[in-house]
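In what follows, chains carry the letters A, B, and so on, assigned in the order in which the sequence lines appear, proteins first and then strands, with residues in each chain numbered from 1. Hydrogens, waters and symmetry mates play no part in the numbers below; they use all other heavy atoms, side chains included.
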Amino acid sequence: MSKLSEKFLAARNYDLAGTLTSGQAFRWRAVGQEWLGVVRGNPVLLRQEAGGVVGRGLGGGPADWQVVADYLQVSVEIDAVTETFPKDGVMERAVEACRGLRLLRQEPWECLASFILSSTKQIVQIQQIVRALCECYGERIVVQSEVIKEPLYSFPSAERLAGLDEAALRSCKMGFRAPYLLETARRVASGAVDLEGIRHLKTAEAREVLVSLPGVGEKIANCVLLFAYGFQDAFPVDVWVKRAVTELYFPKRKPTEKRLRRFIETHFGPNAGYAQQYLFHYMRVRKR
DNA sequence: CTCCAGGCGCCTT
DNA sequence: AAGGCGCATGGA
């Protein structure tokens with residue numbers, strides 16, 4: 001592997017490992033000191049360096065580093081974002097514990113499909129299911145590297161999955177989520193739902209479109225709005241975030257569901273989505 | 001072994 | 001509107 005294929009992506013205060021393992025994306029795998037993954041069809045190895053991220057392209061041709069930079073959101077001034085978080089002990093601790101954590105800007109279809117598979121699954125299990133799906137129905141990507149021995153696969157397109165049946169999907173161990181993924185793939189592939197068009201809608205309208213898909217409720221819709229489209233006001237509330245907010249902000253008495261929702265909507269400011277990810281990751285790293 | 005996981009859909013009140 | 005339950009699978 002020649003040095004020529006390396007690319008330095010400048011980024012101030014970027015925690016690559018934290019970002020890639022914080023439950024936003026499920027395809028990254030540690031290989032030595034690097035992270036192996038596929039970004040919009042570009043097979044890459046990424047590693048942390050002072051002042052940024054270094055990428056190595058693994059494909060036959062040159063990798064599209066503009067696409068990778070956008071995916072990683074390296075140009076986001078993260079300090080300016082965390083600056084807008086509420087000045088309370090909880091968020092200060094979360095920022096301290098997760099310094100450099102970013103929200104990714106993922107491909108909508110991969111993000112949507114992955115989160116349909118996420119319901120009542122631990123992150124390791126989501127990774128396993130997604131990996132099985134890619135190995136079975138993704139396209140083989142030829143890797144030019146002596147280091148990476150195993151084959152890489154693209155994330156299977158909606159069109160590809162739409163042509164399968166439920167049993168084929170169940171073979172990837174996704175259980176009751178199979179019919180949801182299949183029907184959603186068919187609606188996306190047929191054009192009944194336009195994932196690119198969602199980009200130009202307001203948050204509430206975009207959420208409405210996503211929630212209309214089978215297997216997609218408020219939580220998963222918010223994950224896609226935040227992790228794929230960058231709607232900063234989308235705030236996924238899962239068991240961890242609910243637990244975090246309840247324990248950290250209402251230690252005395254458990255709030256009602258309505259009270260909890262209202263608190264979340266008003267407390268976290270203009271970058272609530274980012275705040276949510278810091279809370280989520282903080283709860284997870286705190287546990288270990 | 002039991003418990004529960006980045007939920008959702010559907011059926012009761 | 002709000003609450004309860006089943007769903008399929010496998011880590012912990």
Side-chain angles (χ1 to χ4, degrees), chain A residues 18-29 94 97-98 101-104 106 108 110-133 135-136 164-187 193 207-229 231 234-248 254-262 264-265 268 272-288:
Chain A
T19 299
L20 298 182
T21 62
S22 61
Q24 306 178 54
F26 304 99
R27 294 244 285 151
W28 292 97
R29 215 164 55 70
C98 308
L101 178 67
R102 308 299 175 97
L103 287 175
L104 296 169
Q106 301 179 56
E110 175 171 342
C111 187
L112 171 61
S114 297
F115 275 95
I116 285 174
L117 300 176
S118 77
S119 67
T120 47
K121 278 292 177 193
Q122 300 179 112
I123 288 175
V124 275
Q125 297 175 319
I126 303 167
Q127 290 167 338
Q128 290 165 5
I129 297 169
V130 169
R131 182 170 185 172
L133 185 69
E135 288 179 358
C136 286
L164 300 173
D165 60 16
E166 193 180 314
L169 291 179
R170 279 182 186 266
S171 73
C172 301
K173 308 299 181 187
M174 65 183 71
F176 63 85
R177 302 157 194 83
Y180 298 151
L181 180 60
L182 182 58
E183 179 57 24
T184 290
R186 288 180 174 165
R187 292 202 200 167
V193 160
R207 183 181 294 119
E208 204 174 326
V209 174
L210 290 171
V211 166
S212 76
L213 294 165
V216 182
E218 291 279 324
K219 191 271 174 182
I220 290 176
N222 282 326
C223 284
V224 178
L225 291 174
L226 189 59
F227 303 146
Y229 297 102
F231 287 91
F235 196 111
V237 180
D238 74 324
V239 290
W240 287 97
V241 170
K242 196 173 287 187
R243 192 174 300 159
V245 172
T246 303
E247 279 180 18
L248 302 173
K254 212 175 107 175
T256 63
E257 189 66 31
K258 193 173 181 180
R259 181 90 180 76
L260 192 70
R261 281 284 347 153
R262 226 191 114 51
I264 285 171
E265 278 168 18
F268 292 98
Y274 254 101
Q276 170 278 153
Q277 193 62 15
Y278 272 70
L279 258 187
F280 178 77
H281 195 55
Y282 172 49
M283 291 299 278
R284 292 186 70 230
V285 297
R286 200 177 66 145
K287 194 157 65 80
R288 27 184 216 256

Over all strands shown, is [X] touching base, sugar-phosphate only, or nothing at heavy-atom distances under 4.0 angstrom?
X	result
A:Leu213	sugar-phosphate
A:Phe227	base
A:Ser22	base
A:Val241	base
A:Arg243	sugar-phosphate
A:Lys121	base
A:Gln127	nothing
A:Ser118	sugar-phosphate
A:Gly217	sugar-phosphate

Item to check | Side-chain N or O of A:Gln128 closer than 4.0 Å to phosphate OP1/OP2 of C:dG11 | outcome: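 Yes.
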
Atom [atom1] of [X] to atom [atom2] of [N]: distance rounded to whole Å?
X	N	atom1	atom2	value
A:Lys173	C:dT9	NZ	P	7 Å
A:Arg177	C:dG6	CZ	C1'	12 Å
A:Leu117	B:dA5	CG	C1'	14 Å
A:Tyr180	B:dC10	OH	P	7 Å
A:Lys242	B:dG7	NZ	C1'	10 Å
A:Met174	B:dA5	CE	C1'	17 Å
A:Ile220	B:dG7	CD1	C1'	6 Å
A:Ile129	B:dG6	CD1	P	11 Å

What's the closest nucleotide to the side chain of [X] if the choices are [options]?
X	options	answer
A:Val239	B:dG9, B:dG7, C:dT9	B:dG7
A:Arg170	B:dG7, C:dA8, C:dA12	C:dA8
A:Thr120	C:dA8, C:dG11, B:dG6	C:dA8

Is the side chain of [X] donor-acceptor paired with the backbone N or O of [Y] at a distance under 3.5 Å, no angle test?
X	Y	answer
A:Glu218	A:Val237	no
A:Gln106	A:Cys111	no
A:Gln276	A:Phe268	no
A:Ser171	A:Ala168	yes

Item to check | Paired nucleotide for B:dG6 [Watson-Crick or G-U wobble; both distances under 3.5 Å] | outcome: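 Its partner is none (no Watson-Crick or G-U wobble pair with both distances under 3.5 Å).
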
Item to check | Nearest-angstrom distance, P atom, C:dG4 to B:dG6 | outcome: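 C:dG4 and B:dG6 have their P atoms separated by 22 Å.
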
Checklist entry - Has A:Phe115 got its ring stacked on B:dG6, by the test of a centre gap below 5.5 Å and a plane angle below 30°? => result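 No.
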
Checklist entry - Below 3.5 Å, does any donor atom in the side chain of A:Gln125 face an acceptor in the base of C:dG10, or the other way round? => result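 Check passes, donor-acceptor contact within cut-off.
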
Checklist entry - Toward the 5' end of DNA chain C, which comes first, A:Lys258 or A:Gln122, by nearest nucleotide? => result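 The 5'-side residue here is A:Lys258.
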
Checklist entry - Under 6.0 Å from the six-membered ring centre of A:Tyr180 and within 45° of its axis: does the NZ or CZ of A:Arg177 meet both? => result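 Checked: cation-pi criterion not met.
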
Next on the checklist: Can you classify the ring geometry of A:Tyr274 versus A:Tyr278 as parallel (below 30°), tilted (30 to 60°) or perpendicular (above 60°)?
Outcome noted: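 Ring orientation of A:Tyr274 relative to A:Tyr278: tilted.
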
Checklist entry - In terms of ring plane angle, is the pair A:Phe227 and A:Phe115 parallel, tilted or perpendicular, where the classes change at 30° and 60°? => result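 A:Phe227 and A:Phe115: tilted rings.
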
Checklist entry - If each of A:Pro214 and A:Lys219 is mapped to the nucleotide of DNA chain B with the nearest heavy atom, which maps nearer the 5' terminus, i.e. the 5' end? => result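 Between the two, 5'-proximity favours A:Lys219.
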
